[in-house]
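Just so we're clear, the structure is a prediction, and the values are computed from it rather than from any experiment. Here, residue 1 is the first one in the sequence, and each next residue gets the next number.
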Amino acid sequence: MYMTSAALREAFLEFFRTKGHQLVASSSLVPHDDPTLLFTNAGMNQFKDAFLGKEQRSYTRAASSQRCVRAGGKHNDLENVGYTARHHTFFEMLGNFSFGDYFKRDAICFAWEFLTDTLKLPKERLLVTIYETDDEAFELWANEIGVPADRIVRIGDKSADKKFESDNFWQMGDTGPCGPCTEIFYDHGEHIWGGPPGSPEEDGDRFIEIWNVVFMQFNRQSDGTMEPLPNPSVDTGMGLERIAAILQGVHSNYEIDIFQTLIKHAAQIIGTTDLEDKSLRVIADHIRSCSFLIADGVMPSNEGRGYVLRRIIRRAVRHGHKLGATGVFFHRLVPVLANEMGAAFDELNSQLPIIEKVLKVEEEQFARTLDRGLQILDDELAALQGDVVPGELVFKLYDTYGFPADLTADIARERSLTIDQAGFDVEMAAQRKRAQSASNFDKDYNADLNISHCTEFVGYDNLTMNSKVIEILTKAGESVKKLKAGEEGIVILDNTPFYGESGGQKGDIGSLRMNDGAFAVTDTQKSSKAIVHNGYVEFGEIYVGEELTADVDERHRKTTALNHSATHLLHAALRQVLGEHVQQKGSLVGPERLRFDFSHFESLSMGTLRQIEHLVNQQIRRNNPVTTQLMNLDEAKSAGAMALFGEKYDDDVRVVGMGEFSTELCGGTHVERTGDIGFFKITTEAGIAAGVRRIEAVTGQAAIDMMHAIGKQMEEMSTLVKGDNHSIADRVRQTVDRMRSLEKEVEQLKAELAKHKGASLTDETIDINGVKVLVSQLDGADPKSLRGMVDDLKNRLGSGVVVLGVPGDGKVSLIVGVTKDLTGKVKAGELVNMVAQQVGGKGGGRPDMAQAGGSDAAALPAALASVSPWLTERL
């Protein structure tokens, strides 16, 4: 039966809803809580903690249509995309899951019922595989489902000494949950080459896997022991694109409805009529992964996820270029994609403008270097001897023209060539070493603490309270009974008004006051469920079990609260001015200032910054009350509360609201009313990484002090330029214009001086085999004047070679000029490079003019002396 991709997705979810499954929305392509993954690549990723028993959910059965990307890291299908029938960078995984609820019997019955009853697939076309020793699964398939024994294939371990290493035995890692799996294959028929799984012809296209059901029933120990899990679970996955191809009667995934729509529109936009061209497949696939990655907050960059996104975009643009695309085209496919998939994934609709803009900016940037890079690659490949592109060339294209290595490999493959990947990796490693800068980080002692106690935080409304010491540790983490005067350490209380650093807010400072002593709290941190007070004993001593008064520094807390509340207003203002793609990427809130990192793809103009400042200060003047409520996480999100990027929240969360302007999930401390912030002033805005910007700002008295400092500077500048506050801009402009005019006059005078100096150099000309050669070291000359001097000397000589070197500040500037009648014998670029290598540098240029630099001025005389012998061999 024919079924569209959208109808298939809906049918799958509805089927499992009727079987008691909770329908769970697709998680982000960025797996925030799993540092082992570059991208979400399977439906089970968001349920990992549920399978491990670390997270308890309100349901034990779930179903989802999870968007996945495999284009980087361990799971990388990028190079195959467009050249095979079923490889994609982006795909949807339909899955149903059981967390200690049903197991093998129900999982197998559900899969068979959906495929044969709901989708009406012919039973005789289905074949299943099981793990070799999984007799329980065999009995279920053979006796309950009725699959003939000859269509149940047992798949064993890949070798006798590698137990449980089988295509039909799944494991989360070297240790942890694992178990056998059963796979369902569809037989396309004898007219397609290939054999069943486990046969020598299994890599053919006749039998295609459409569903994998994993039975997680063991916990693998480090010694290899398989311990049965107390609550066996089920994890399944079925690729939507593969099953859609079967239902739509086509063999390639690229022939299904979604891809055909994208391919036809791409062809129309580019202006090509060959709908079978593989480049159109690449473009259709890549617009999906790029759009969804951007919608999930990934921005093009030169590292990590952003680099993978940039590679995919550039690969798509290059294939469009192959098809004859003129101008930018890729971003024009985003509305087409949103029309196809927006009903299931609303983020495509809500983020459509920003996706289009990011893709357009990235395409425009790449277009500026694409033609030049392709020309260089074409020239190099034309002269290539052998069938391997050198790693040095691959790196040069990457480093100079932004060509990812896989893009060069893509082009090479089209010409039956391969690239020297090992050589490229060596060049990349050398570049990283050159670029690496030393970074010193303070050790976080609290990260290594083993604290079992739990501290109750009661400091939202109280800055002073009575508490009891329940544990004391030295700074090194050793548990002790007491600390004496002058000793540093860590104090744990049963309850505390001190806020432990988290969510970007710095921890409180203050003091713990005992009857006969005091402990100065210099910082407060969180360690598991405990709040740890770092500091030292000012006088007396502190001991376990002691009753004391915990006293938070009021000024530190309140000025920090001003800045924290301002970050909420700033976040909301950024999203209102720049767009909803803005997501918090980090923050630091202390008593002196605030720092806020956010995703955005371009710098902010002064006008935009003023607009953001205006919005924040407008909310401050409105003096709205700052409200806090404890709510269920799902209720909070339904109420519009914004969850921060990458944060993990408990079931009950604290919702902080500031009028209708800002509502966020936050556990930090805040002002009572927005008016308490007083005044907000941005101090700096800059990029800290590709796709990530940083704003620093001050509030309250610090903002007022800053404005006073700016006013004082204005007064000083007015005095210097003999103006006032009203005319200072004009007077500074006049001064700058005058300075530029004088600089131009100085340059002209230097050029004239160099010309006269060059005229006197002609007396130093020597003859080498009938050619006039001038080699000279010019002490004290201006390197900027060398090019004009060489042009003048070449004109005076009529025919000849000029080599000049200028030492200065330990460095060397070199220039070589060759008259055009001699460039067939002597290339300026080769000559300058020969000299430069002797002074610790390298260079090049045109055959008639080339420049270079060096770092060893002491070696210049000997280097210039080598010119005559070098020329003698060539003239």
Side-chain angles (χ1 to χ4, degrees), residues 442 444-447 455-463 493 495-510 521-535 550-574 583-598 616 620 626-630 636 641-650 653-658 662-674 676-678 680 682-683 694-703:
D442 291 332
D444 180 4
Y445 292 95
N446 296 327
T455 305
E456 181 184 3
F457 175 65
V458 290
Y460 286 124
D461 302 313
N462 301 297
L463 296 182
L493 305 176
N495 51 53
T496 182
F498 283 79
Y499 182 83
E501 180 173 337
S502 64
Q505 179 178 332
K506 285 186 176 182
D508 283 330
I509 64 172
V521 179
T522 57
D523 183 35
T524 309
Q525 297 283 333
K526 290 183 178 179
S527 180
S528 187
K529 294 184 178 181
I531 295 176
V532 298
H533 306 77
N534 297 279
D551 192 6
V552 174
D553 183 297
E554 182 176 6
R555 182 183 178 281
H556 184 281
R557 164 70 75 84
K558 288 191 173 181
T559 50
T560 300
L562 300 184
N563 288 327
H564 196 165
S565 296
T567 62
H568 283 226
L569 296 179
L570 173 59
H571 194 185
L574 285 167
Q583 293 181 330
Q584 181 173 334
K585 294 294 186 179
S587 68
L588 180 64
V589 179
E592 302 88 9
R593 62 188 173 90
L594 66 92
R595 189 180 77 199
F596 190 81
D597 301 340
F598 59 98
V616 173
I620 291 172
V626 176
T627 60
T628 58
Q629 299 180 67
L630 278 178
M642 188 164 28
L644 298 188
F645 189 86
E647 283 288 322
K648 191 168 184 178
Y649 297 95
D650 296 330
V653 292
R654 190 166 180 262
V655 180
V656 177
M658 300 181 188
S662 169
T663 306
E664 286 191 23
L665 308 183
C666 180
T669 62
H670 290 275
V671 297
E672 293 183 2
R673 306 186 72 91
T674 59
D676 297 343
I677 299 171
F680 172 84
I682 293 174
T683 57
R694 170 173 291 173
I695 282 179
E696 296 192 8
V698 288
T699 62
Q701 186 60 46

Considering non-hydrogen atoms only, spot the tightest contact between [X] and [Y] and give its length.
| X | Y | result |
| --- | --- | --- |
| I620 | G678 | CG2-O, 3.6 Å |
| V532 | S527 | CG1-CB, 4.1 Å |
| I509 | D523 | CG2-N, 4.3 Å |
| F498 | A550 | CE1-CB, 3.9 Å |
| S565 | I677 | CB-CD1, 3.9 Å |
| T522 | G535 | OG1-CA, 3.6 Å |

Point-to-point distance, once rounded to the nearest 0.5 Å, from [atom1] of [X] to [atom2] of [Y]:
| X | Y | atom1 | atom2 | result |
| --- | --- | --- | --- | --- |
| L665 | R654 | CG | CZ | 11.5 Å |
| T524 | H533 | OG1 | NE2 | 5.0 Å |
| E664 | L569 | CD | CG | 9.0 Å |
| T567 | R595 | OG1 | CZ | 12.5 Å |
| T669 | L562 | OG1 | CG | 10.0 Å |

Quick one about [Y] and [X] (side-chain donor to acceptor, distance below 3.5 Å, no hydrogens or angles considered), yes or no?
| X | Y | answer |
| --- | --- | --- |
| H670 | T628 | no |
| T699 | N563 | yes |
| Q505 | T560 | no |

Under the 6.0 Å and 45° cation-pi test, does K526 pair with Y499? yes
Exercise. Go through L594 and L570 one step at a time and tell me if the side chain to side chain contact (heavy atoms under 4.5 Å, CB included) criterion holds.
Key: CA-CA 10 Å; L594 66 92; L570 173 59; 4.1 Å; yes
When T496, I531, N495 are each screened for side chain to side chain contact (heavy atoms under 4.5 Å, CB included) with E456, the one that passes is N495
Aromatic ring pairing F598/F596, orientation class (parallel under 30°, perpendicular over 60°, tilted between)
parallel
Taking T455 for the side chain and L493 for the main chain, is one N or O donor matched with an acceptor at less than 3.5 Å? yes
Discussion item. As a quick check of understanding, evaluate side chain to side chain contact (heavy atoms under 4.5 Å, CB included) for H568 and V656, giving each step before the final call.
Written reply: CA-CA 9 Å; H568 283 226; V656 177; 4.2 Å; yes
task = For the residue pair H571 and S587, establish whether any side-chain heavy-atom pair is separated by less than 4.5 Å.
result = no
Note to self: If you apply the rule side chain to side chain contact (heavy atoms under 4.5 Å, CB included), what do you find for K506 with L588, and how did you get there?
What the structure shows: CA-CA 7 Å; K506 285 186 176 182; L588 180 64; 4.0 Å; yes
Using side chain to side chain contact (heavy atoms under 4.5 Å, CB included), reason through V626 and T674 one step at a time and then give a plain yes or no. CA-CA 7 Å; V626 176; T674 59; 4.2 Å; yes
query: Should the heavy atoms of other residues, nucleotides or ligands under 6.0 Å from CD of E554 be counted, would the total exceed 12?
result: no
Check your understanding: Crowded around E696 CD? As in, over 12 foreign heavy atoms under 6.0 Å?
Key -> yes
